[in-house]
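Encoded as structure tokens, the structure appears first; notes follow it.
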Amino acid sequence: MFLISKLVWIFCQPLSLAFLLVFFTLIAELLRWRALSIVAATASALILFVTLYTTAGNLLMQGLEQRFAKPAADPENLQCMIVLGGAFENEVNTARHGIEFNGGADRFVEALRLAQKFPDSRILVSGGDGSMSGIYEGDAAASERFFPLFGIGRERLIEETQSRTTFENAVNTREFLASRGLSHCLLITSGFHMPRSVGIFRKLGIDIVPWPTDYRTDGQVRPGLDFTQPNLNAQNMATAIREWYGLVGYYLAGRTSELYPD
């Protein structure tokens with residue numbers, strides 16, 4: 001299932017689809033399938049235009065981020081928090097033995113803030129190597145270097161180092177929580193990733209409080225054209241589409257409580 005999902009994403013992300021349609025256009029031209037070549041070329045151009053020069057991807061991202069609102073105030077007490085991996089540049093960290101973050105760094109910034117405010121809380125970091133090669137350290141391993149730099153003792157950390165997917169995050173986390181008698185933990189992950197995460201955790205009967213972070217939109221995106229930031233538009237489109245692939249795939253596989261949890 002893990003390898004299948006990786007391969008599907010390689011070929012089905014927007015820019016890959018556009019490239020495959022260009023390739024099909026060339027084949028159709030060689031075979032003199034004129035009508036098919038026009039349809040494929042038009043579809044490729046449309047995907048590229050919508051992905052790069054419209055707010056479509058940001059709208060999809062915004063919808064995911066607004067599904068679960070972050071509580072207005074911190075909890076009065078905090079026993080534990082679950083931080084889902086996906087925030088470290090694992091390939092770079094493995095090679096350089098450092099602490100390099102990607103765009104999901106807010107997951108760990110927020111966990112650090114809460115850990116300092118609630119000194120008795122435990123921090124469960126769930127994240128192994130999600131690459132196809134399996135040769136890199138994961139977020140859980142990198143967190144062992146990160147938190148102590150800010151005075152958070154290693155005895156407060158619970159490292160789940162084997163998971164490669166969100167489903168494995170939840171399955172492995174359930175076992176760690178049960179063995180340590182922890183419950184009603186905050187679930188910290190990116191806002192766009194929260195619907196799928198909550199659906200999986202609910203399906204497995206894990207008692208969590210959604211605590212979204214790492215927002216990519218300002219919540220005020222409207223439909224329209226945007227020629228100012230094609231790279232960011234493409235990135236948000238790809239991220240949002242990937243989440244929806246995950247939501248639909250996990251729902252069909254019976255791994256989430258509902259198609260679009262709220």
Side-chain angles (χ1 to χ4, degrees), residues 1-3 5-7 9-10 13 78 80-177 179-180 182 185-194 196-197 200 211-216 231-232 234-236 238-239 242-243 246:
M1 186 68 177
F2 170 72
L3 289 177
S5 66
K6 290 288 187 181
L7 290 173
W9 177 241
I10 288 174
Q13 55 187 294
L78 182 60
C80 61
M81 64 190 90
I82 302 163
V83 188
L84 299 188
F88 286 98
E89 292 287 356
N90 292 324
E91 295 90 340
V92 177
N93 288 336
T94 301
R96 298 183 180 275
H97 309 290
I99 304 174
E100 302 294 335
F101 284 102
N102 58 32
D106 284 352
R107 301 184 190 189
F108 283 84
V109 173
E110 182 68 359
L112 175 61
R113 182 186 74 81
L114 291 168
Q116 292 176 332
K117 182 173 182 178
F118 299 97
D120 294 327
S121 61
R122 302 293 300 276
I123 311 161
L124 191 159
V125 180
S126 178
D129 179 12
S131 70
M132 293 181 67
S133 65
I135 62 174
Y136 305 111
E137 71 172 14
D139 284 46
S143 70
E144 191 177 63
R145 297 194 300 275
F146 171 71
F147 284 107
L149 291 176
F150 299 91
I152 307 300
R154 284 189 173 87
E155 70 278 359
R156 296 178 60 187
L157 300 179
I158 305 172
E159 300 159 41
E160 188 284 292
T161 62
Q162 300 303 310
S163 60
R164 303 165 298 172
T165 66
T166 307
F167 180 73
E168 291 178 0
N169 285 146
V171 170
N172 296 339
T173 292
R174 180 174 60 176
E175 297 177 2
F176 276 90
L177 295 178
S179 66
R180 289 164 174 78
L182 298 173
C185 302
L186 299 188
L187 178 62
I188 301 175
T189 189
S190 302
F192 66 82
H193 187 232
M194 190 60 76
R196 182 157 57 106
S197 302
I200 297 168
W211 201 265
T213 185
D214 177 34
Y215 292 97
R216 309 295 174 90
N231 289 338
L232 181 58
Q235 182 180 358
N236 283 344
T239 301
R242 185 173 187 175
E243 277 306 304

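Worth knowing before you read on, the calculation uses all heavy atoms, side chains too, and leaves out hydrogens, waters and symmetry mates. Quick note: residue numbers are just sequence positions, from 1. Here the structure is a predicted model, which means the values were calculated and not measured.
- For the salt bridge (Lys or Arg N to Asp or Glu O under 4.0 Å) condition, the pairs that include at least one residue of residues 139-148, sequence neighbours left out, are Glu137-Arg145.
- Put simply, CG on Leu186 and CG on Leu78 are 4.5 Å apart, with the number rounded to the nearest 0.5 Å.
- Shortest non-hydrogen contact noted between Tyr215 and Gly191 is CE2-CA, 4.5 Å.
- Contact annotation: the side chain of His193 never approaches that of Thr239 to less than 4.5 Å [non-hydrogen atoms, C-beta and beyond].
- Scored by the salt bridge (charged side-chain N to carboxylate O under 4.0 Å, His left out) test, Glu89 finds no partners at all (sequence neighbours excluded).
- Residues that satisfy the salt bridge (charged side-chain N to carboxylate O under 4.0 Å, His left out) test with Arg196, not counting sequence neighbours, are Glu243.
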Distance-only criterion, 3.5 Å: show the donor-acceptor pairs between side-chain atoms of residues 98-106 and protein atoms not counting sequence neighbours.
unit_1: Asn102; atom_1: OD1; unit_2: Gly104; atom_2: N; d: 2.8
unit_1: Asn102; atom_1: ND2; unit_2: Gly86; atom_2: O; d: 3.2

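- The shortest side-chain heavy-atom distance between Glu110 and Trp211 falls under the 4.5 Å cut-off.
- Heavy atoms only, all atoms of each residue included: Asn90 and Thr94 are closest at O-OG1, 2.7 Å.
- Note that CZ of Arg96 and CD of Glu91 are 12.5 Å apart. Values are rounded to the nearest 0.5 Å.
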Would you mind writing out the side-chain donor-acceptor pairs for residues 119-130 within the sub-3.5 Å range, not counting sequence neighbours?
unit_1: Ser121; atom_1: OG; unit_2: Phe118; atom_2: O; d: 2.7
unit_1: Ser121; atom_1: OG; unit_2: Arg156; atom_2: NH2; d: 3.0
unit_1: Arg122; atom_1: NE; unit_2: Arg156; atom_2: O; d: 3.3
unit_1: Arg122; atom_1: NH2; unit_2: Glu155; atom_2: O; d: 3.4
unit_1: Ser126; atom_1: OG; unit_2: Glu160; atom_2: OE1; d: 2.5
unit_1: Ser126; atom_1: OG; unit_2: Ser163; atom_2: OG; d: 3.3
unit_1: Ser126; atom_1: OG; unit_2: Asn169; atom_2: ND2; d: 2.8
unit_1: Asp129; atom_1: OD1; unit_2: Ser131; atom_2: N; d: 3.0
unit_1: Asp129; atom_1: OD1; unit_2: Ser131; atom_2: OG; d: 2.8
unit_1: Asp129; atom_1: OD2; unit_2: Ser131; atom_2: OG; d: 3.1
unit_1: Asp129; atom_1: OD2; unit_2: Gly134; atom_2: N; d: 3.4
unit_1: Asp129; atom_1: OD2; unit_2: Ile135; atom_2: N; d: 2.9
unit_1: Asp129; atom_1: OD2; unit_2: Tyr136; atom_2: N; d: 2.8

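- Atom CZ of residue Phe192 and atom CG of residue Asp214 lie 5.5 Å apart, to the nearest 0.5 angstrom.
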Could you please spell out the steps behind the side-chain contact (heavy atoms from CB on, under 4.5 Å) verdict for Leu114 and Ile188?
CA-CA 11 Å; Leu114 291 168; Ile188 301 175; 4.0 Å; yes

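- In this view, Gln13 and Trp9, Ser16 satisfy the side chain to side chain contact (heavy atoms under 4.5 Å, CB included) rule, not counting sequence neighbours.
- Going from atom CD1 of Ile152 over to atom CD of Gln116 covers 5.0 Å, rounded to the nearest 0.5 Å.
- Counting heavy atoms from C-beta outward, Val83 and Ser143 have side chains that stay 4.5 Å or more apart.
- Between atom CD1 of residue Ile158 and atom CD1 of residue Ile82 there is a gap of 9.0 Å, rounded to the nearest 0.5 Å.
- Rounded to the nearest 0.5 Å, atoms CZ (Phe176) and CD (Glu159) are 9.0 Å apart.
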